[in-house]
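In what follows, a structure is listed as structure tokens, so that the remarks can point back to it.
No hydrogens, no waters, no symmetry mates; every other heavy atom, side chains included, goes into these values. Convention: sequence-line order gives letters A, B, ...; per-chain numbering from 1.
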Amino acid sequence: MDFFGLFDRKQKSGQIAKSRLQLVLFQDRMNTSPEMIEMLKSDIIKVLANYVDIDEDGLDIKIGSQADGGSNDAGPALMANIPIKGWKKR
Amino acid sequence: MGEVIVITSGKGGVGKTTTSANLGCGLAAAGKNVVLIDADIGLRNLDVVMGLENRIVYDLVDVVEGKCRLKQALIKDKRYPNLYLLAAAQTKDKSAVSPEQMVKLCDTLREEHDYILIDCPAGIEQGFKNAIAGADRAVVVATPEVSSVRDADRIVGLLEAAEIKNIRLILNRLRPDMIKRGEMMTIDDVVDILAIEVLGLVPDDESVVMSTNRGEPAVADENSRAGQAFRNITQRIMGHDVPIIDLDEVGGFRAWLKKTFRKGN
């Protein structure tokens with residue numbers, strides 16, 4: 001009971017609805033245009049390639065919630081897992 | 001030349017048919033020549049909401065299949081002589097009509113009528129594609145709930161992909177008391193998320209259920225707040241600048257109504 005009371009005071013359900021929708025729609029919009037994710041991927045690779053050697057096959061980019069990363073704010077977040085083979089010699 | 005407006009939502013049960021009936025009656029009351037098309041083949045309902053269920057002889061599928069002339073299938077409304085209903089077939093399915101046939105039908109109706117309103121079925125499949133095929137404008141109906149707004153967003157994307165430029169939002173079943181308490185998304189929240197212009201706000205109102213029970217759309221009821229909201233939307237569709245309804249006033253009216261009702265008892 002106390003827990004719910006606390007939760008209630010923290011954030012009203014209207015606000016929760018809005019932030020949940022923002023996240024889910026971000027994912028929906030991305031999923032309806034997979035080519036956008038591909039473009040994003042290739043652009044990120046292009047930029048990073050100036051600094052590091054990337055394992056392109058191991059590259060994983062997805063849209064998730066910031067909450068997944070431990071933050072309290074549940075807004076959408078771009079999560080990228082980019083394995084690095086080594087630094088570029090300058 | 002008339003204008004073809006599709007009334008759509010993605011999600012079912014948010015008020016597409018009620019909105020279609022009310023806007024049709026509203027436009028007819030304003031003197032416009034209007035045809036309402038029920039595109040929900042297999043699940044027709046616009047006829048009962050309009051109170052015209054006993055007058056159907058021919059339907060939309062009969063027209064496209066050439067079983068009757070278009071004029072024979074247009075059911076004249078009880079209240080407005082300049083309002084017609086083209087009912088959906090109840091025993092067929094969505095594939096009985098093609099988008100090309102809908103475009104042709106809309107183009108024919110456009111010649112003699114000011115507004116053609118199409119009540120779109122729920123979903124994004126064939127029925128939706130048929131309903132939007134001939135449309136110049138779209139009205140997206142949503143309620144301030146996560147499921148409805150999510151589906152509305154998808155619909156807006158599909159309408160844009162179909163190159164329908166004029167897309168407006170009707171937010172239906174608003175509860176000002178809940179918005180005040182922070183337990184319902186605000187109008188700004190929904191507009192923020194969907195990023196389309198608001199055509200109108202309709203409060204959650206018992207009178208809509210009551211008038212639908214009778215087969216008489218609320219727009220004709222002078223005492224109905226939802227009816228007033230639909231009258232305002234009608235004006236905006238015709239291009240008149242009418243301010244958006246004040247929700248606080250709606251709350252005040254509900255309170256007043258409750259008080260009066262108790263006194264009456």
Side-chain angles (χ1 to χ4, degrees), chain A residues 1-47 59-81, chain B residues 9-11 14 123-125 128-129 132 140-164 167 169 171-196 198 201 203-204 247-248 251:
Chain A
M1 268 315 268
D2 268 340
F3 170 76
F4 285 111
L6 210 75
F7 192 71
D8 222 35
R9 243 172 285 143
K10 228 161 88 187
Q11 208 176 17
K12 297 282 192 186
S13 71
Q15 196 50 48
I16 294 171
K18 188 186 182 184
S19 42
R20 287 182 59 219
L21 259 171
Q22 279 170 329
L23 176 60
V24 81
L25 286 184
F26 204 85
Q27 288 166 330
D28 284 356
R29 286 168 189 168
M30 276 294 195
N31 287 334
T32 50
S33 58
E35 64 270 23
M36 214 165 119
I37 290 263
E38 284 310 311
M39 278 161 62
L40 183 68
K41 253 188 206 173
S42 72
D43 280 357
I44 287 176
I45 291 169
K46 236 184 274 168
V47 173
L59 190 76
D60 179 32
I61 291 177
K62 62 182 182 199
I63 309 297
S65 159
Q66 279 180 40
D68 300 344
S71 158
N72 281 330
D73 187 2
L78 184 68
M79 290 187 287
N81 193 356
Chain B
S9 70
K11 188 179 178 301
V14 298
I124 54 174
E125 293 83 21
F128 170 76
K129 286 173 190 153
I132 68 164
V140 176
V141 182
T143 60
E145 291 159 75
V146 285
S147 50
S148 170
V149 175
R150 184 190 198 179
D151 290 0
D153 184 75
R154 186 96 168 81
I155 287 295
V156 170
L158 292 170
L159 290 168
E160 281 170 351
E163 294 191 342
I164 295 178
I167 307 168
L169 175 71
L171 254 183
N172 196 17
R173 296 210 200 105
L174 289 163
R175 294 270 305 268
D177 53 325
M178 288 188 74
I179 293 174
K180 244 183 234 165
R181 278 186 279 130
E183 307 295 2
M184 182 175 266
M185 278 186 282
T186 66
I187 289 95
D188 288 345
D189 287 344
V190 180
V191 170
D192 251 18
I193 288 168
L194 293 178
I196 56 171
V198 173
L201 308 175
D204 188 29
L247 284 173
D248 283 339

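A/K12 and B/G182 get closest at one heavy-atom pair: CB-O, 3.0 Å. Of all heavy-atom pairs spanning A/L21 and B/V146, the tightest one is CD2-O, 3.6 Å. Closest non-hydrogen pair, B/E183 versus A/S13, comes out as OE1-OG, 2.6 Å. Closest approach of A/G14 to B/M185, counting heavy atoms only: O-CG, 3.5 Å.
Side-chain atoms of A/R29 and B/D153, non-hydrogen and from C-beta on, do get closer than 4.5 Å to each other.
With values rounded to the nearest 0.5 angstrom, A/Q22 atom CD is found 8.0 Å from B/D189 atom CG.
Contact count against chain A (heavy-atom pairs under 4.5 Å) is highest for B/I193 among B/I193, B/V190, B/T186, B/V149.
Residue B/R154 touches chain A through its side chain alone, counting heavy-atom pairs closer than 4.5 Å.
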